[in-house]
Structure formats: structure tokens, C-alpha cells
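This report concerns only the one structure given below.
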Amino acid sequence: MLVMKFGGTSMEDANAIDRAAKIVRSRLPQRPVIVVSAMAKVTDQLLATARAAGAGDRDGALKLSRTLRERHYNVAGELLGTGLFTQFHGELESDFDALDELLRGIAAVGELTPRTADLVAANGELLSSKIAAAAFSARGLDSSLVDSREYIITDDTHGRALPFLEETNDKLKSTLQPLLDRGRVPVMGGFIGSTRSGTTTTIGRGGSDFSAAIVGAGLGAESIEIWTDVDGMMTTDPNLCPDAHRIKVISFDEAAELAYFGAKVLHPATLLPAIQKNIPVYILNSRHPEGEGTKITTRAPRCRNLFKAIAVKKRITIVDVAATRMLMVHGYLKSIFEAFDRHRVPVDVVSTSEVSVSLTVDSNEAIPALAADLSRLADVKYEGRKAIVCLVGENLRETPGVAARIFGVIPDLNIRMISQGASEINLTFVIEEDQAPDVVKRLHQAFFSEVDPEVFD
Ligand code: ADP
Ligand code: ASP
Ligand code: MG
């Protein structure tokens, strides 16, 4: 079987969902399970609605919800036609009535907890999966709507919950497999799950890719297809460099580094379940379904270019921790990392000197409390508006002089941190955020103006 995931832009309106139905039809012999995102921008809008309600702005929240209601009614109406929509309309109506009831409750309390934010945000995928399943059925596909919250079982870290894979796999096998065996096309929302006690959770922004991989690994899929709005994984974000090239084949390791360091086309957690089961992942463009996309697989062919791609991750903060009292005594680094752990702040890049440690983090809210905690150990300074630039390629393992070649392209730049060697296939550095677009363009020009036709398009 096959898992096909359609992202927000591939679900953005009636035309996009109609295209998705055609793409699904072309894969029917492979017995697909469909994982869908919320329609484009809906998760952002739902969260804005929830925040308005949390700030006590009941009318503002209900107004935003009305806009969302109209958009979903319009898309469903266009897809289903008057006859079918009349039956379906009642279902959407009660979903939106329940959402409004929830928003009134949040506004009355005047507080938005992560748990309630998840309850609001989950509506995006609940609605899009319902509409897609109805639209697919109306187009003659035997689809079955599946509520992901019954199958994707997670911990209770609301907003970025982690799945319990064994329980999830058992549930997926015992319920989705029989549907597939009966020739049905299960349609489920990505991004959402629930705790063991049935509370709705979400698994992190952009997490529908991860959902697709969880389902693929759980059901032993032959492949996982991520349908999006670009031709595949590209040599850099095509929004930044329109001349970016499609990468035909890339290794799991390379793609994972790129996803982790900002290539938004793939959620960073996506590949882990796929790697564990050795399932190839394809990135494909739902606007050009005939394209070959990118294949992500265990072993990629050798490549004449030094790098496969450049990723950039913005909104990074550097935290400098300079030892005062403990002067690198045994256990000093441990106590620093424990503080990050206590505040649940993940660290991306680290560099150390005799007396100080610099770390980068991408979550801003927790930093003041973390810094206060760390200041018991050391002098702490933090500075936002930085960007991580990451160049990735298997060739880095055996090529000497890589750093000189990279920094030779940008000799005028003040590099704040450099890291190489952790994975052997990436070189990562930190610069001012406003310099990132120019730096990426210059590096892309230097390393990708000529490409190996075996590997790039
Ligand atoms: P979806 O809604 O389908 O999940 P996303 O917006 O999450 O889509 O991801 C697709 C976007 O990722 C592209 O439109 C592109 O701007 C961005 N992107 C960033 N880096 C890359 C890259 N290296 N290759 C392709 N796309 C990239
Ligand atoms: N809809 C969710 C988001 O916007 C998940 C996803 O699209 O992958 O973050
Ligand atoms: Mg995405």
C-alpha cells in the first residue's frame, strides 16, 4: 500500500481538492491511504481565532470563525454540487456551531491553554478531511473518512505532542488494514491525534508530513508520497532562489539535515519512521502531478556537486553562557543542558570555548525564564534575529577545504558561529537574519550554477 499526503496548498480550494482526487485515482491500484492538511492558512487562522478568544475578544473571534465557516461552505458547495451539499451542509454547520461554542467558552474564561488551542487548531484537519472524503466519494472513489484522533495516540505535550508508536501502529493495523482490504480509500487528517485518555492533541506545526510517515511505517507502506506546491526538494527554497534545481534523488540523512535546518518542504520528524522501516519518501507537486519529484531513499547516487542543497532557518536566537563561578568544571556543560531540558527548549547549534558556550534556539517565549535559570550558573546573554545557514551533502565526508570554499564566497560576512562534523554531511553557520537571503543567493550561485544532470534537474 501507499500513503499520499496532501499539504495545505494542495487542499486550498475546490480546484486543488479536485486535482487531489484525480491524483488519488491514478494511484488506486496501489491501495492508497490519504492524509490531508488543513486548507492553506486555516491552522494560522484558527490559532488567531483562539488567541482572540483567549484575550477576551469574543466578537473578534466569532467574526474570524465566520470567515472560516464561509470558506469551508463555499469549497464544499463547489465540490459537491447543490444536491450533495444540501445533505452535507448540516454536518459542517454543527462542526462550526461547536467551534463557536468553544470560542465563547474560551472568551468567557479569558485564557487560552495549550490544551484548548489544540482543540481549536484540530478543526482545520477535521474539516478538510471531511470535505476531501465527501468530494472523493462524489467523484466515484470509495473513500472512508477516518478520525485520526482514534489512531494517532500521543503524549500530552500539547502543541507538539509525541506519538506512542507501538499503540498507534496497533490501532492503524487493526482498523485501516481491514478498510484497505475491502478496497476502501481511507481519508484522514494529518497533524492531529489524541492522548490515551482521548484529549485532542497536535503534533507540531507542519506535522501532517510526520502523520503520513507514522501511518506509512505503521502499515508497512511501499512508499510515502508528500504532495506539495513545489516540484520536489530543491537545491534551496525556490521562493528565495527561483533558479533552484530539483534534486532527483537524495539520501535520508541529507534530507533529514535539510528538513531540520529549515527546508520547510518536509517536517523534520517525517523521515524517522520511514528510515526505521526503509520506506522511500517522494516529494511531488500536486500542480504538476506528471513530474518525477524527489525520491528520498537510503542511498543516493554519487554526485559531482559538492553539496546537495542549502537550507536556511530564520528567527534564531543565540544564547551565550559565560562561566563565572564554575570555570568549566566537570559537569558544567551538563548543568547547562539540564537547564535547557527543564525549560523544554531544544538546541540546534552549539559551540564552546574555555569559558563560554554559545547555543542557538528557535523558540523565543521560553528564553527569558531559561536565561534567569541559567544565570545562577553563569553570565547569560541572548540575541535574537539570527539565521542558521546549512549546506548539506554526502560529499562533505571526504572533501578537504570545504569551509574555505564556503567562506571564500562570503568573505565580507561576520559569522557568529560555525559547526561542522556532527553528522559529517553538513556545514552549518549562524549569521544576522537580514543577511540570510543575500548569503543564500550568493552560495547558491557559487555552488549550483552548474549541476550534475544525474542528480539534479
Ligand atoms: P505543504 O503545505 O504542502 O506542507 P509547505 O509550505 O509546508 O507545503 O512546504 C512547501 C514549501 O517549502 C515550498 O513552497 C517552499 O517555499 C518551501 N521550501 C523551503 N526549502 C525548500 C527546499 N529546499 N525545497 C523545496 N521547497 C522548499
Ligand atoms: N495544518 C498544520 C499546519 O499548518 C499541519 C500541516 O499542514 O502540516 O501546521
Ligand atoms: Mg508542510
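Whatever order the structure lists them in is the order used to number ligands and atoms, beginning at 1.
At under 3.5 Å, not a single nitrogen or oxygen of Gly204, backbone or side chain, sits near a nitrogen or oxygen of ligand 2. Taking any N or O of Arg205, backbone or side chain, at least one lies under 3.5 Å from an N or O belonging to ligand 2. Every N/O-N/O distance between Asp209 and ligand 2 stays at or above 3.5 Å.
The pair Asp44-Arg205 meets the salt-bridge criterion, with a side-chain N (NZ, NE, NH1 or NH2) lying under 4.0 Å from an Asp/Glu carboxylate O. For the pair Asp59 and Arg66, the salt-bridge criterion is not met [side-chain N within less than 4.0 Å of a carboxylate O]. Using a cutoff of 4.0 Å between basic side-chain nitrogens and carboxylate oxygens, Glu225 and Lys5 are not scored as salt-bridged. A salt bridge does not link Arg302 to Asp452: none of the charged nitrogens lies less than 4.0 Å from a carboxylate oxygen. A salt bridge links Arg287 and Glu12; the closest N-O separation between the charged side-chain nitrogens and carboxylate oxygens is under 4.0 Å. We find that Lys386 and Asp348 are not joined by a salt bridge, their nearest charged nitrogen and carboxylate oxygen being 4.0 Å or further apart. With salt bridges taken as basic N to acidic carboxylate O contacts below 4.0 Å, none links Glu433 and Lys314. Look at Asp457 and Lys248 and you find no salt bridge, because none of the NZ, NE, NH1 or NH2 atoms lies under 4.0 Å from a carboxylate O.
If you check the side chains of Ser251 and Glu394, you find a donor sitting under 3.5 Å from an acceptor.
Residue contacts with ligand 2: Gly124 is excluded, as none of its non-hydrogen atoms falls under 4.0 Å. Under a 4.0 Å heavy-atom criterion, Gly206 is in contact with ligand 2.
Counting protein heavy atoms only, atom 6 (C) of ligand 2 is closest to Ser208 OG, 3.3 Å.
Between the side chain of Gln420 and the main chain of Leu427, no donor-acceptor pair closer than 3.5 Å is present.
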Starting from the N and O atoms of ligand 1, find every protein N or O within less than 3.5 Å and list the pair with its distance.
| unit_1 | atom_1 | unit_2 | atom_2 | d |
| --- | --- | --- | --- | --- |
| ligand 1 | 2 (O) | Gly8 | N | 3.0 |
| ligand 1 | 3 (O) | Thr228 | OG1 | 2.7 |
| ligand 1 | 4 (O) | Lys5 | NZ | 3.1 |
| ligand 1 | 6 (O) | Lys264 | NZ | 2.8 |
| ligand 1 | 8 (O) | Thr228 | OG1 | 3.2 |
| ligand 1 | 12 (O) | Val265 | N | 3.3 |
| ligand 1 | 14 (O) | Asp229 | OD1 | 3.0 |
| ligand 1 | 14 (O) | Asp229 | OD2 | 3.3 |
| ligand 1 | 16 (O) | Asp237 | OD1 | 2.9 |
| ligand 1 | 16 (O) | Asn239 | ND2 | 2.8 |
| ligand 1 | 23 (N) | Met234 | O | 3.0 |
| ligand 1 | 24 (N) | Met234 | N | 2.9 |

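With Lys264, Glu125, Lys41, Met11 as candidates, the residue nearest to atom 1 (N) of ligand 2 on a non-hydrogen basis is Glu125.
Contact atoms of ligand 2 toward Ser37: 6 (C), 7 (O), 8 (O) (distance under 4.0 Å to a heavy atom of the residue).
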